[in-house]
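I have placed the structure first, in the form of structure tokens, so that the comments after it can refer back to it.
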Amino acid sequence: MVRIALSFVASFLLFYLESLIVIRWSGYEAGIHFADYSSLFVVFALNFFLAFSILTHLTPWFTRMSHISTDEDESSTLP
């Protein structure tokens, strides 16, 4: 549930950043005009699934890293 909410927010942020990059590189001043809502939805959906997959893979990585750091702490205190 938290991953979905964070992915939703991250997809908006990614969409905003991507729009800024396109505006700067293309020399547009007014903004980006999408011909229809389907292309807007596709970009948003791709950003959502990208953010969701990154968050899905970060959770086990953080868990693994916390176990490694606690194992190192315990082994350093042994005589």
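We're numbering straight along the sequence, starting at 1.
- Using a 4.5 Å cut-off between side-chain heavy atoms of Ile, Leu, Val, Met, Phe, Trp and Tyr, with links allowed through other members, I54 and W61 fall into the same hydrophobic cluster.
- Hydrophobic clustering places L58 together with L14 (ILVMFWY residues linked when any side-chain heavy atoms are closer than 4.5 Å, directly or through intermediates).
- Criterion: ILVMFWY side-chain heavy atoms under 4.5 Å apart, direct or through other members. Under it, L40 and V43 are part of a common hydrophobic cluster.
- Residue M1 is found outside any hydrophobic cluster, as its side-chain heavy atoms come under 4.5 Å of no other Ile, Leu, Val, Met, Phe, Trp or Tyr.
- The two residues H57 and S53 have their closest heavy-atom pair at ND1-O, 2.8 Å.
- Note: R64 CZ to T59 OG1 = 11.0 Å, rounded to the nearest 0.5 Å.
- Grouping Ile, Leu, Val, Met, Phe, Trp and Tyr by side-chain contacts under 4.5 Å, direct or through others, puts I21 with W25.
- Closest heavy-atom contact between T56 and R3: OG1-NH1, 3.1 Å.
- For the atom pair S19 OG and F15 CZ, the distance stands at 4.0 Å (nearest 0.5 Å).
- Across every non-hydrogen atom of A51 and S7, the tightest pair is C-OG, 3.7 Å.
- In this structure, I4 and F48 have side chains that are in contact, with non-hydrogen atoms separated by less than 4.5 Å.
- No single ILVMFWY cluster, assembled from side-chain heavy atoms under 4.5 Å apart, contains both V42 and V22.
- F44 and F8 have perpendicular rings, their planes meeting at more than 60° on a 0 to 90° scale where under 30° would count as parallel.
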